[in-house]
Amino acid sequence: MFSNKFIQQRIEKANILREAGINPYSNESQRNTTVEKFLNVNSDIEQKEDKRDENRIYTVSGRIKLLRIMGKASFVKIEDESGMLQIYVARDNLAEGFYNTIFKKHIEVGDIIEVTGYPFVTGKGELSLHANDLKILTKAISPLPEKFHGITDKEIRYRKRYLDLIMNAGVRKTFQIRSKVISLTRRFFEDKGFLEVETPMMHPIAGGANAKPFVTHHNALGVDRYLRIAPELYLKRLIVGGFEAVFEINRNFRNEGMDATHNPEFTSIEFYWAYKTYKDLIEITKEYFQYLFEHLDLPTILPYGDLEVNFDNFQEIPLIESLTTIGGVPADIVNDKEKIIAYLKERHIDVNAAMNLGQLQGELFDEFVEEKLIDPTFITEYPVEISPLARRSDANPAITERFELFIAGREIANAFSELNDPLDQLERFEGQMAAKDCGDDEAHAMDTDFVEALSYGMAPTAGQGIGIDRLVMLLTNEHSIRDVLLFPAMKPLTTEEEPCKSKEEE
RNA sequence: GUCCCGUUAGCUCAGCUGGUAGAGCACGUCACUUUUAAUGAUGUGGCCGAUGGUUCGAAUCCAUCACGGGACACCA
């Protein structure tokens with residue numbers, strides 16, 4: 001595995017260090033400050049007459065990113081999680097012989113070292129650490145990628161994310177923001193009185209969304225289980241049970257295509273709120289975004305690729321209305337099945353003639369409206385045919401009390417006043433079953449256990465799901481979901497080998 | 001699933017209509033005590049993604065496959 005000559009060379013250096021009594025994998029770190037703290041605390045050094053203070057002694061640690069050996073002195077840039085620091089290493093400040101025989105020969109870029117010394121400012125004005133003592137903590141036997149271009153090959157960046165993180169500071173920043181978004185989301189809902197819950201990841205019936213599930217098998221019970229495609233039906237069972245505000249932040253799994261906005265496992269928050277309607281969800285969503293922007297310290301006008309998104313400009317428009325005002329579809333066709341089909345066909349858009357009116361309106365929306373929604377827009381009043389779990393509008397039973405939030409042409413959230421009429425729910429499931437029989441393999445599965453739960457009475461409730469990955473993409477100006485997932489799904493490089501027998505079996 | 005593009009040294013990339021492999025960085029050796037991708041000299045480094053084919057001769061042309069990227073379709 002380590003046949004590469006550069007690796008061999010570095011293994012040899014590690015061995016020489018061992019022979020010299022130096023442990024190349026020492027566990028004895030004496031670090032007492034981080035790079036960031038060192039730079040902050042000593043920012044006054046520049047004001048001092050001789051631009052140094054030999055009485056301040058610090059020990060910092062980090063990976064060597066750059067190394068400039070200039071005879072009897074060297075400059076080393078080390079990096080820890082907090083930042084990059086320049087170290088000045090002079091032969092005569094170190095133990096006799098260490099500089100020439102150890103430092104120059106056997107310590108190199110990629111190694112993790114620890115340095116003790118005092119702060120000073122170089123002739124070129126950079127606050128640095130003057131080394132009095134230096135030791136290696138960890139020998140890197142694989143060389144780092146090129147120091148200037150770093151690593152740009154996307155395949156290597158995703159497969160070896162650790163290298164990407166070592167070489168590309170911006171990547172670390174993206175994942176720090178992701179972590180903050182999740183943490184802030186949790187805090188926001190907790191502060192609102194929501195209870196965080198964990199519901200099953202393995203479902204007997206894959207429900208709560210229209211998607212193909214991953215299937216696994218439970219040996220002890222002798223039954224197949226589905227990795228969940230959504231937590232929705234379990235969270236609603238909890239509302240039936242009497243919890244009035246619950247949320248779950250977790251992974252969903254969908255056995256479908258992969259592209260810039262789809263990974264087989266993705267993270268969402270779903271929350272359910274009793275005695276509220278989708279109108280209340282619009283308000284809390286606006287509040288949530290305000291909270292995020294405030295605590296992430298982001299300007300409310302953010303660039304996204306060539307676009308500019310104004311997060312202060314939330315719009316709200318019913319779906320049918322958006323077809324004409326935003327999509328430019330003539331008003332006289334949007335409620336006529338035959339006219340919609342003709343309209344789509346004229347524009348060479350494939351359309352299944354068996355689709356009902358609601359589905360066709362959905363098609364029109366996807367085709368002519370979605371990508372034009374740049375500033376955050378709540379599209380409301382979805383047709384009942386494409387909203388199997390949403391509550392019907394009392395005023396107009398053809399539509400549901402639902403919205404989807406679109407930002408930068410992408411769906412970010414889906415929410416509705418929940419259907420809590422058990423008989424209506426049963427009918428909708430039956431409708432989905434019929435669709436399944438007609439070949440729609442993503443149609444919703446029948447879940448009689450869930451219908452039974454509703455039959456005990458679920459308080460009027462509003463529920464919402466927000467795609468965390470896509471939200472992070474927006475906030476970090478990333479355009480591939482792989483760039484906001486630490487370890488995105490990748491095909492294996494080689495076929496799996498037969499598992500070898502353990503020695504006990506032989 | 002379909003189409004397009006890519007795969008050459010550890011990394012970033014050249015390599016034209018076929019004639020047996022190049023640069024920079026990194027690495028080795030030497031010089032250099034305030035550099036900023038340090039510099040100067042010198043050297044090592046490759047099954048040109050895999051397998052077949054065409055050819056006297058293939059990194060280069062053709063076919064198939066693998067992996068990646070992008071677009072489309074489906075979905076969040």
Side-chain angles (χ1 to χ4, degrees), chain A residues 2-10 12-13 51-52 65-77 84 86-94 99 104-105 108-110 120-126 128 130 140-160 163 166-167 208-213 229-230 251-270 349-350 352 362 366 370 404-406 410-414 440-442 465-471 473 479-483 488 490-495:
Chain A
F2 294 124
S3 56
N4 177 283
K5 80 161 198 180
F6 296 108
I7 296 178
Q8 281 301 317
Q9 239 169 43
R10 296 177 77 122
E12 182 53 26
K13 288 182 182 186
K51 295 187 185 293
R52 64 185 58 220
K65 297 297 288 288
L66 290 169
L67 187 53
R68 293 185 282 275
I69 297 177
M70 302 179 313
K72 298 178 187 67
S74 300
F75 287 94
V76 188
K77 291 259 174 150
M84 186 101 80
Q86 177 166 270
I87 311 290
Y88 179 71
V89 183
R91 184 191 68 184
D92 299 339
N93 289 86
L94 300 178
Y99 183 83
K104 270 169 71 176
K105 296 289 180 189
E108 58 204 316
V109 171
F120 81 115
V121 174
T122 64
K124 294 282 163 67
E126 181 167 346
S128 308
H130 199 296
I141 59 168
S142 284
L144 287 183
E146 206 247 8
K147 63 186 173 189
F148 186 58
H149 298 93
I151 195 143
T152 59
D153 184 310
K154 287 197 170 175
E155 183 169 0
I156 302 177
R157 289 187 47 215
Y158 299 146
R159 287 192 195 277
K160 304 183 182 179
L163 269 187
I166 290 171
M167 299 308 295
N210 293 18
K212 282 177 222 143
I229 57 175
R251 226 69 65 79
N252 297 314
F253 306 87
R254 298 190 184 175
N255 204 342
E256 291 166 350
M258 294 160 60
D259 61 26
T261 55
H262 297 85
N263 193 68
E265 50 183 306
F266 63 99
T267 301
S268 72
I269 172 169
E270 287 204 12
I349 296 159
D350 269 344
N352 179 353
D366 292 346
E370 183 168 359
E404 288 195 347
L405 173 62
F406 293 86
R410 265 198 211 124
E411 185 193 336
I412 293 296
N414 181 18
D440 181 354
D441 55 1
E442 289 182 357
I466 303 173
I468 297 290
D469 311 288
R470 291 184 181 180
L471 176 59
M473 285 169 69
H479 294 258
S480 170
I481 195 169
R482 299 177 201 98
D483 291 317
M490 301 289 277
K491 276 200 187 180
L493 280 179
T494 50
T495 50

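Quick note on labels: first sequence line is chain A, next is B, and so on, each numbered from 1. As the structure is a prediction and not an experimental result, all values here were calculated from the model.
- Among the atoms of the strands shown, base atoms are found under 4.0 Å from some heavy atom of A/Ile69.
- The same atom, C1', is picked in B/A14 and in B/A23; the two are 7 Å apart, to the nearest Å.
- Shown here, B/C72 is classed anti by the O4'-C1'-N9-C4 or O4'-C1'-N1-C2 angle, which is more than 90° from 0.
- Contact annotation for A/Phe253: no contact, since no heavy-atom pair falls under 4.0 Å across all strands.
- Between A/Lys154 atom NZ and B/C11 atom P there is a gap of 18 Å when expressed in whole angstrom units.
- Residue A/Arg410 is classed as having no contact, given no heavy-atom separation below 4.0 Å to the nucleic acid.
- Environment of CZ in A/Arg251: sparse, with no more than 12 heavy atoms of neighbouring residues, nucleotides or ligands closer than 6.0 Å.
- For the P atom pair drawn from B/G68 and B/A73, the interatomic distance equals 22 Å after rounding to whole Å.
- Using a cut-off of 4.0 Å between Lys/Arg side-chain N and Asp/Glu carboxylate O, A/Lys77 and A/Glu126 are scored as salt-bridged.
- Note on A/Arg10: every side-chain N or O is 4.0 Å or more away from OP1 and OP2 of B/G10.
- Remark: A/Arg159 is in phosphate contact with B/G68, judged by side-chain N or O atoms under 4.0 Å from OP1 or OP2.
- Residue A/Lys13 places at least one side-chain N or O under 4.0 Å from the OP1 or OP2 atom of B/G28.
- Residue A/Ala413 comes nearest to A/Ile466 through the heavy atom pair CB-CG1, 3.9 Å, listed as atom of the first residue, atom of the second, then distance.
- Nucleic acid contact class of A/Lys51 (heavy atoms, under 4.0 Å, all strands): none.
- Ionic pairing of A/Glu256 and A/Lys212 is not present here: no N-O contact between side-chain nitrogen and carboxylate oxygen is shorter than 4.0 angstrom.
- A/Lys65 places no side-chain N or O within donor-acceptor distance of the main-chain N or O of A/Lys147, the cut-off being under 3.5 Å.
- The same atom, P, is picked in B/G69 and in B/G53; the two are 32 Å apart, to the nearest Å.
- No hydrogens or angles were tested; on distance alone, nothing pairs the side chain of A/Tyr88 with the base of B/U35 as donor and acceptor under 3.5 Å.
- Among the heavy atoms of the strands, none lies under 4.0 Å from A/Arg157.
- Note on A/Lys77: every side-chain N or O is 4.0 Å or more away from OP1 and OP2 of B/U35.
- For the OP1/OP2 pair of B/A38 and a distance below 4.0 Å, the side-chain nitrogens and oxygens of A/Lys147 include at least one atom meeting the criterion.
- Here A/Lys124 lies in heavy-atom contact (under 4.0 Å) with a base.
- Residue-level contact check: A/Lys5 touches the bases, meaning some heavy atom is under 4.0 Å from a base atom.
- Taking every side-chain heavy atom of A/Phe148 into account, B/A37 is the closest of B/G69, B/A37, B/G70.
- Picking from B/A76, B/U34, B/U35 the nucleotide with the shortest atom distance to the side chain of A/Phe120 gives B/U34.
- Across all strands, A/Asn93 comes closer than 4.0 Å to no nucleic acid atom at all (heavy-atom distances).
- Between the side chain of A/Tyr99 and the backbone N or O of A/Ala73, at least one donor-acceptor pair lies under 3.5 Å.
- Note on A/Gly465: nothing from the nucleic acid sits closer than 4.0 angstrom, heavy atoms only.
- A donor N or O paired with an acceptor N or O is not found under 3.5 Å between the base of B/U12 and the side-chain atoms of A/Thr152.
- When the nucleotides B/C67, B/A76, B/G70 are ranked by their closest atom to the side chain of A/Arg470, B/A76 comes out on top.
- Taking a centre distance below 5.5 Å and an interplanar angle below 30 degrees as the stacking criterion, A/Phe266 stacks against the six-membered base ring of B/A76.
- Nearest to the side chain of A/Arg91, among B/U35, B/C27, B/U33, sits B/U33.
- Ranking B/U34, B/U29, B/C67 by closeness to the A/Lys491 side chain, first place goes to B/C67.
- Judged by closest nucleotide on RNA chain B, A/Leu67 is the one of A/Glu411 and A/Leu67 placed further toward the 5' end.
- B/C62 and B/G19: their P atoms are spaced 15 Å apart (whole Å).
- Checking the phosphate oxygens (OP1, OP2) of B/U35, no side-chain nitrogen or oxygen of A/Arg68 falls inside 4.0 Å.
- Judged by closest nucleotide on RNA chain B, A/Met258 is the one of A/Pro264 and A/Met258 placed further toward the 5' end.
- When the P atom of B/G68 is taken as reference, atom CG of A/Asp483 falls 15 Å away, rounded to whole Å.
- Comparing B/G10, B/C32, B/U34 by their closest approach to the side chain of A/Phe6 singles out B/G10.
- Looking at the side chain of A/Leu66, the nearest of the listed nucleotides B/A37, B/A76, B/G68 is B/A37.
- For the P atom pair drawn from B/C61 and B/G18, the interatomic distance equals 8 Å after rounding to whole Å.
- Comparing B/A76, B/C11, B/U35 against the side chain of A/Glu146 picks out B/C11 as the nearest.
- Applying the 4.0 Å criterion to OP1 and OP2 of B/A76, one finds that A/Lys212 has every side-chain N and O outside that range.
- One can find a donor-acceptor pair under 3.5 Å joining the base of B/U35 and the side-chain atoms of A/Gln86.
- Using a 4.0 Å heavy-atom distance criterion, A/Asp259 is classed as a base contact.
- Contacts of A/Asp469 with the nucleic acid, taken as non-hydrogen atoms under 4.0 Å apart, are absent.
- Using a 4.0 Å heavy-atom distance criterion, A/Met490 is classed as a sugar-phosphate-only contact.
- Taking each heavy atom of A/Tyr158 and A/Ser480 in turn, the nearest pair found is OH-OG, 4.3 Å.
- Of all nucleotides listed (B/C32, B/A76, B/C27), B/C27 comes nearest to the side chain of A/Glu108.
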